[in-house]
Protein chains: 2
Amino acid sequence: MKRTIVIFGTISVVVILLFQVSKFSLMNTQGFSDVFLIISGILFIALGYFITKLFYARKHTNSIQEIDIKRIKELNISKQELKVLGLMSDGLSNNEIAETLFITENTVKSHVSKILSKLNAKRRTEAIKIGRDLNII
Amino acid sequence: MKRTIVIFGTISVVVILLFQVSKFSLMNTQGFSDVFLIISGILFIALGYFITKLFYARKHTNSIQEIDIKRIKELNISKQELKVLGLMSDGLSNNEIAETLFITENTVKSHVSKILSKLNAKRRTEAIKIGRDLNII
DNA sequence: CTCAAAATCATACTTTCGAGTGAGTTTGGA
DNA sequence: TCCAAACTCACTCGAAAGTATGATTTTGAG
């Protein structure tokens, strides 16, 4: 929110300055109005470019969405459990996960069971879906 | 590619027209230069906005990516198989998928088997991952 | 240091998945 | 109309996944 205010304030100032500069430039140098018009035009286009880019950048980061650490803590999911969940969503079997993490399959199974109960899922596929929806993976 | 040429051509024409209009407007009506400056400034900003939006829109559709029908046909995946794959990725069991599609679990199993072989996956979780990566789901 | 949480592993048991095979029915396009 | 592909279903068997319980070791925060 603070950032929004700062950005809009800056943009407003820049816009006003641009208008003032281009107005006086045009009034004082009648013969070179072409050049100044082009320059101010380019500046305005650039301004539009940056404004638009700003909004799209914000949207973009929202739609890509990073891992929600807060929610992981809320769900009381541990580091190792999270790793297992990630590997599950990569399509690995319990045995493959065990080999990847250098632990036994039994241990993986106990991790998986805990993940399922914490995410309130009946199957690993459901856990994957829930994990994705919650931006945990 | 054709679209790109058309778009750039249009943009070029619009830019030139804008310059001409604003130039003559300014030269002929000295007293109202403020109004015309503002209008032309807004127009240029709008232009920058649309140009930027155009580029971002293209990027955006690429990153969000809709279902790749072409690839589905390439992989020879049928309608029903695709439905099953979708329900799998929603975390449903074979039995639940059967109830959803009003078919028996045996039929679901045969669909799943075909999906796995077509996607070259060893497990349903892997099929889900591959399907996501290929923008099939 | 201490203690709870996390991580590790095991064993026994149930359920779900998936492979393989075979076969009958629908359907959409040539 | 005819046929291949899609869809349907069944049965068996082995593999993978998941449950339940219990126990030991590590670890990290206070």
Side-chain angles (χ1 to χ4, degrees), chain A residues 67-134 136-137, chain B residues 67-134 136-137:
Chain A
I67 292 168
D68 192 339
I69 297 163
K70 199 183 294 174
R71 188 166 278 130
I72 291 169
K73 284 181 182 166
E74 282 172 9
L75 292 168
N76 199 31
I77 293 173
S78 70
K79 274 185 255 172
Q80 199 76 333
E81 284 164 4
L82 199 67
K83 279 189 200 170
V84 171
L85 181 58
L87 294 171
M88 273 199 317
S89 82
D90 283 340
L92 300 199
S93 69
N94 285 341
N95 191 37
E96 287 169 343
I97 294 172
E99 287 173 1
T100 304
L101 298 179
F102 301 105
I103 56 180
T104 63
E105 194 182 335
N106 288 319
T107 307
V108 175
K109 280 189 182 186
S110 72
H111 285 315
V112 172
S113 282
K114 279 171 192 165
I115 293 166
L116 294 184
S117 71
K118 285 178 183 176
L119 290 182
N120 201 25
K122 298 189 202 78
R123 281 163 292 281
R124 53 169 49 207
T125 49
E126 197 183 354
I128 292 167
K129 190 204 164 36
I130 292 170
R132 286 191 156 280
D133 289 348
L134 297 180
I136 280 174
I137 304 176
Chain B
I67 292 169
D68 193 338
I69 298 163
K70 200 183 293 176
R71 187 166 279 130
I72 291 170
K73 284 181 182 167
E74 281 173 9
L75 292 168
N76 200 31
I77 293 173
S78 69
K79 274 186 256 171
Q80 199 76 335
E81 284 164 5
L82 199 68
K83 278 190 200 171
V84 171
L85 181 58
L87 294 172
M88 273 199 317
S89 81
D90 284 340
L92 301 199
S93 69
N94 286 341
N95 191 37
E96 287 169 342
I97 295 172
E99 286 172 0
T100 304
L101 297 178
F102 300 106
I103 55 181
T104 65
E105 195 182 336
N106 287 319
T107 308
V108 175
K109 281 190 181 183
S110 71
H111 284 316
V112 171
S113 283
K114 279 173 192 166
I115 292 166
L116 293 183
S117 72
K118 284 178 184 177
L119 289 182
N120 199 26
K122 298 191 202 78
R123 282 163 292 282
R124 54 168 52 207
T125 49
E126 197 183 354
I128 292 167
K129 190 204 163 35
I130 293 170
R132 286 190 157 282
D133 289 347
L134 297 180
I136 281 175
I137 304 174

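By convention in this document, chain letters (A, B, ...) are assigned in the order of the sequence lines, proteins followed by strands, and residues within each chain are numbered from 1. Keep in mind that this is a model prediction, so the values were computed, not measured.
- Each of Phe102(A) and Lys118(A) was matched to the nucleotide of DNA chain C holding its nearest heavy atom; the match closer to the 5' end belongs to Lys118(A).
- The side chain of Lys79(A) lies closest to dA7(C) when the candidates are dT19(D), dA7(C), dT8(D).
- Distances shorter than 4.0 Å separate some side-chain N or O of Asn76(A) from OP1 or OP2 on dA6(C).
- Map Ile77(B) and Thr104(B) each onto its nearest nucleotide of DNA chain D; the residue landing nearer the 5' end is Ile77(B).
- Interatomic distance, Glu126(B) CD to Asn120(B) CG, rounded to the nearest 0.5 Å: 7.5 Å.
- The side chain of Glu81(A) lies closest to dA7(C) when the candidates are dA7(C), dG18(D), dA10(C).
- Thr107(B) comes within 4.0 angstrom of a nucleotide base, judged by non-hydrogen atoms across all strands.
- Looking at heavy-atom distances under 4.0 Å, Ser113(A) makes contact with a base.
- Residue Asn95(B) places none of its side-chain N or O atoms closer than 4.0 Å to OP1 or OP2 of dT15(C).
- Minimum atom distance to the side chain of Ser93(A) is reached by dA17(D), of the listed dG18(C), dC7(D), dA17(D).
- We find that CD1 of Ile103(B) is positioned 18 Å from P of dT25(C), with the value rounded to whole Å.
- Atom-to-atom, CD of Gln80(A) to P of dT26(D) comes out at 15 Å; the value is rounded to the nearest Å.
- Atoms CD1 (Ile128(A)) and C1' (dC17(C)) sit 14 Å apart, rounded to a whole Å.
- Listed nucleotides: dG18(C), dA6(D), dC9(C). Nearest to the side chain of Ser78(B): dA6(D).
- Under a 3.5 Å cut-off, the side chain of Lys109(A) and the backbone N or O of Asn94(A) do not form any donor-acceptor pair.
- Between the NZ atom of Lys122(A) and the C1' atom of dT19(D) there is a distance of 16 Å, given to the nearest Å.
- Checking each of Thr104(A), Ile103(A), Val108(A) against Asn106(A) for a side chain to side chain contact (heavy atoms under 4.5 Å, CB included) leaves exactly one that passes, namely Thr104(A).
- Here His111(B) reaches the OP1 or OP2 of dT8(D): one of its side-chain N or O atoms lies under 4.0 Å away.
- None of Arg123(B), Lys129(B), Arg132(B) except one satisfies the salt bridge (Lys or Arg N to Asp or Glu O under 4.0 Å) rule with Asp90(A); the exception is Lys129(B).
- One finds a side-chain N or O of Asn106(B) lying less than 4.0 angstrom from the OP1 or OP2 phosphate oxygen of dA10(D).
- The side chain of Arg123(B) lies closest to dA16(D) when the candidates are dA7(C), dA16(D), dC11(D).
- Side chain of Arg124(B) to backbone of Met88(B): no donor-acceptor contact under 3.5 angstrom is found.
- Side chain of Asn94(B), nearest nucleotide from dG18(D), dC11(D), dC17(C): dC17(C).
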